[in-house]
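The structure is given below, and queries will be raised subsequently.
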2 protein chains.
Amino acid sequence: MATGRTHRTATRSRGIPEATVARLPLYLRALTALSERSVPTVSSEELAAAAGVNSAKLRKDFSYLGSYGTRGVGYDVEYLVYQISRELGLTQDWPVVIVGIGNLGAALANYGGFASRGFRVAALIDADPAMAGKPVAGIPVQHTDELEKIIDDNGVSIGVIATPAGAAQQVCERLVAAGVTSILNFAPTVLSVPDGVDVRKVDLSIELQILAFHEQRKAGEEAEAQADAVLAAEAEAAAAKGAGKGPDGDVPAVMPA
Amino acid sequence: MATGRTHRTATRSRGIPEATVARLPLYLRALTALSERSVPTVSSEELAAAAGVNSAKLRKDFSYLGSYGTRGVGYDVEYLVYQISRELGLTQDWPVVIVGIGNLGAALANYGGFASRGFRVAALIDADPAMAGKPVAGIPVQHTDELEKIIDDNGVSIGVIATPAGAAQQVCERLVAAGVTSILNFAPTVLSVPDGVDVRKVDLSIELQILAFHEQRKAGEEAEAQADAVLAAEAEAAAAKGAGKGPDGDVPAVMPA
DNA sequence: ATGTCTTTGTGAACGCGTGCACAAAGATGG
DNA sequence: CCATCTTTGTGCACGCGTTCACAAAGACAT
């Protein structure tokens, strides 16, 4: 990850741990919901439950931002919403471009969660000339040729890549060359970028594969825990059918030549 | 999740670290690409570069699976593809259902990365009666009423939730009650599930918010003083705007410099 | 004021993940 | 068969993140 190689890290004295930063949006979402219900204050215990984390972790996370709570009472919801928004940089407007307006790109363009959090879709870009001018989510798609001009004109520093894997690296390089320094990558490829550029990736199939691993493990444990003859038979049948795991190592399908 | 009892048997049979599991799909993708180029063997250094990780980390990851490499040579690509696929449970077929066929759900249904890795979209489910029967990605959408029957008939254990936030928890509960034990959640909500059910979440706006944080760090160094001045004014406005403050009343309007 | 009660903020211990560095293993060449 | 060279597999140390547990801080009642 690019963060690992950060030269002269923490340009700021107060370094907020990466894990904490990743949770701040979670807290913000829970707090926004409370704010809409006009809840004035919330305890770390309540907020932690709403955000799905441990309360001690939440308190420690907030401690990195400062002492914004009141002992014996909790946290002021409105105030905390503001503080976290400020810390995340959401009090300013972030123009973003989405490159690759396929199914996913269109879904992203229509996604309401962006606009509500200070992100503004400045442009949609696609390589297909047939797409040019066609409105998606009320925004006309522009051709890739315009990429550099769009970035420059709108002062875009955040780009979203939703192209096929084959085009991602090239698009990435053009974005970076044009001035983009943060990239959200949906293409199933490892992007290589120069220092100073942040990349976050979202790979849909990877998430499913991780789930499949745990699912397989659960099935195996279940059969193992209940030493039931029927379940054991099913497990063997499944193993034989799909080359699953046996009692020990399995027979390799292909051996080194 | 509120319960917090996530890990049942952290290291049971063969304790593969969670971090390693999360990287296996990455290796698999790189290996598949090599396989398609008919590359017979690959060194840890090369593969690590292709996967975007450290070579020592990769070797340690593989060591959890067993000793599949040959010293002085590297790893047999085909053999490793099979071993990782088996470990991830991708040698068997995983029927999945997608609930919520909006823009995102449709994009997921069309996503090619699923089918190519052993995942089969068994059904698309939506609450809108107008959607029923309409084909998306060649699969007719079915109404939510059929949810339990679909899960049962197809032996589905993995569900994808792409509904609006408000409907997610309810859908989740129905999925779990019907037998689903792994959920990939795209709705911006914290799902609470019973023990034994795995949930992975993908929140598009959270990723952007994390990028915005780093972007602000990068860009906000020289303009820091000016920004702070503006933000301080906004802080007062925000504090004054707070309506129902309750009995406690006073809220600190400015944070310590 | 004073005591009690609630909740924050944090010091400290612990566990996990990462990266270094190197010995062991095996291929390769003479 | 031996020497050399390449690359794996891993012991070890370190740093980050998580969790516990508790003292300090403040609200609230009397």
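Hydrogens, waters and symmetry mates are skipped; everything else that's a heavy atom, side chains included, is used. Chain identifiers are assigned alphabetically (A, B, ...) following the order of the sequence lines, protein sequences preceding nucleic acid strands; residue numbering begins at 1 within each chain. Quantities reported herein were computed from a predicted structural model and do not represent experimental measurements.
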dT8(D) OP1/OP2 closer than 4.0 Å to side-chain N/O of Ser44(B):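 Yes, such a contact exists.
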
Per Lys57(A) side chain, nearest of listed nucleotides dT18(D), dG17(D), dA21(C):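 It is dT18(D).
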
Per Ser63(A) side chain, nearest of listed nucleotides dT8(D), dG9(C), dG17(D):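 Of the candidates, dG9(C) comes closest.
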
d(CG, Leu65(A); P, dG9(C)) in whole Å: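 Distance check: Leu65(A) CG to dG9(C) P gives 10 Å.
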
Short side-chain N/O contact from Arg23(B) to OP1 or OP2 of dT18(C), under 4.0 Å: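 Answer is yes, contact under 4.0 Å.
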
Under 3.5 Å donor-acceptor, Asn185(A) side chain and Thr189(A) backbone: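 Such a contact is found between Asn185(A) side chain and Thr189(A) backbone.
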
Between P of dT10(C) and OH of Tyr68(A), the distance in whole Å: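 Between P of dT10(C) and OH of Tyr68(A): 12 Å.
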
Whole-Å gap separating C1' (dG17(C)) and CZ (Phe62(B)):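 Whole-Å distance recorded here is 17 Å.
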
Aromatic centroids of Tyr82(A) and Tyr79(A) separated by under 6.0 Å: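 No, the ring centres sit 6.0 Å or more apart.
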
Heavy-atom donor-acceptor pair, Lys60(B) side-chain to dT18(C) base, under 3.5 Å: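 No, no donor-acceptor pair under 3.5 Å.
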
Rounded distance (Å) that lies between atom C1' of dT19(D) and atom CD of Glu45(A):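 Interatomic distance, CD of Glu45(A) to C1' of dT19(D): 13 Å.
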
Salt bridge present between Arg217(B) and Glu87(A) (N-O < 4.0 angstrom):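 Result for this pair is yes, salt bridge flagged.
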
Residue Ala19(B), side-chain atoms from C-beta onward, closest of dA25(C), dA23(D), dG17(C):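 Minimum distance to the Ala19(B) side chain belongs to dG17(C).
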
d(OH, Tyr75(B); C1', dT6(D)) in whole Å: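 The distance from OH of Tyr75(B) to C1' of dT6(D) comes to 13 Å, rounded to the nearest Å.
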
Residue whose nearest DNA chain C nucleotide is more 5′ - Val73(B) or Arg59(B):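 First, find each residue's nearest nucleotide; the 5'-ward one identifies Arg59(B).
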
Options dA21(C), dT19(D), dT7(C), nucleotide nearest the side-chain atoms of Ser43(A):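 The nucleotide sitting nearest to the side chain is dT7(C).
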
Which residue lies more 5' along DNA chain D, comparing Thr70(A) with Pro17(A) via nearest heavy atoms: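 Result of the comparison: Pro17(A).
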
Spacing of Arg71(B) atom CZ relative to dT7(D) atom C1', expressed in whole Å: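 It is 8 Å, rounded to the nearest whole Å.
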
Gly196(A) backbone acceptor or donor facing Lys218(B) side chain under 3.5 Å: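 Yes, because the side chain of Lys218(B) sits within donor-acceptor range (under 3.5 Å) of the backbone of Gly196(A).
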
Length of the line joining Glu46(B):CD and dT6(D):C1', which is rounded to integer Å: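 Whole-Å distance recorded here is 12 Å.
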
Pair Tyr75(A) + Tyr68(A): ring centers closer than 6.0 Å: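 No, too far apart.
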
Spacing of Asn54(B) atom CG relative to dG9(D) atom P, expressed in whole Å: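 After rounding, the reported distance stands at 15 Å.
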
